[in-house]
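Okay, so here's the structure we're looking at.
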Amino acid sequence: MIFIPVAALLLGVLLAKLIGLGPISGIVGKYIAVACVAGLDSLVGGIRSGLEGKYSSAIFVTGFLSNIVFAFFLAWLGDKIGMNLLLAAVLVMGTRIFTNLSLIRRFMLTKMADEREKRRLADQQRQAQPSKT
């Protein structure tokens, strides 16, 4: 189920390449950039919750959309009041992305170590059993 957002992200990149969208500059580029970081934050958070067994489609979709809208709003508000709130949004979401990535890595390494330990114990148990010959 978590692979649906990843597939959608790849489909979006492929579609942009096929349409021939070039670099987006100016104010629109800033808004799209912060929306992409917000979407990536939600995607990595969704992957983490999926690995932890806590994934919910409703929570993911609402979080994804609200993150993008809120980040877009912060960038727009920052432009209106003359402050670069875009940096604040990207800093917070970037921190969350790296935190989630580190937790995903730790989860995967722990899972691999547990599997190795199970195999080792099973091998020891097989060797300890007397052979029937």
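Treat the numbers as computed from the prediction; the structure is a model and nothing was measured. Excluded from the calculations below are hydrogen atoms, water molecules and symmetry mates; all remaining heavy atoms, backbone and side chain alike, are included.
- Between Leu87 atom CG and Leu74 atom CG the span is 11.5 Å, to the nearest 0.5 Å.
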In a table with atom names and distances, give each donor-acceptor pair under 3.5 Å that connects a side chain of residues 29-40 to protein atoms at least two apart or in another chain.
residue	atom	partner	partner atom	Å
Lys30	NZ	Asp79	OD1	3.2
Tyr31	OH	Asp79	OD2	2.9

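- The neighbour count for Phe107 CZ, taken as heavy atoms of other residues, nucleotides or ligands under 6.0 Å away, is above 12.
- Taken from OG in Ser49 to CG in Leu103, the straight-line distance is 12.0 Å, to the nearest 0.5 Å.
- Leu121 belongs to no multi-residue hydrophobic cluster, having no ILVMFWY side-chain contact under 4.5 Å with any other such residue.
- Side-chain contact between Arg48 and Leu51: absent, with no pair of heavy atoms (C-beta onward) separated by less than 4.5 Å.
- Leu101 and Val90 end up in the same hydrophobic cluster when Ile, Leu, Val, Met, Phe, Trp and Tyr side chains are linked at under 4.5 Å.
- Taking hydrophobic clusters as Ile, Leu, Val, Met, Phe, Trp and Tyr residues chained together by side-chain heavy-atom distances below 4.5 Å, Leu91 does not share a cluster with Trp76.
- Applying the salt bridge (charged side-chain N to carboxylate O under 4.0 Å, His left out) test to residues at least two apart or on different chains, none of the pairs has a partner in residues 10-19.
- Rounded to the nearest 0.5 Å, atoms CG (Leu85) and CZ (Phe73) are 9.5 Å apart.
- Atom CD of Glu52 is separated from atom CD1 of Ile104 by 8.5 Å, given to the nearest 0.5 angstrom.
- Heavy atoms of other residues, nucleotides or ligands lying less than 6.0 angstrom from CD of Glu117 number more than 12.
- With a 4.5 Å cut-off on side-chain heavy atoms, Arg105 and Met108 do not count as touching.
- Distance check: Leu43 CG to Phe60 CZ gives 5.5 Å after rounding to the nearest 0.5 Å.
- Proximity of Val92 to Asp41: side-chain heavy atoms (C-beta onward) are nowhere separated by under 4.5 Å.
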Item to check | side chain to side chain contact (heavy atoms under 4.5 Å, CB included) between Arg96 and Asn67, intermediate numbers included | outcome: CA-CA 12 Å; Arg96 287 175 29 151; Asn67 274 0; 3.7 Å; yes
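- Closest of all the heavy-atom pairs between Gly63 and Ser66 is O-OG, 3.3 Å.
- To the nearest 0.5 angstrom, Leu77 atom CG is 9.0 Å from Phe70 atom CZ.
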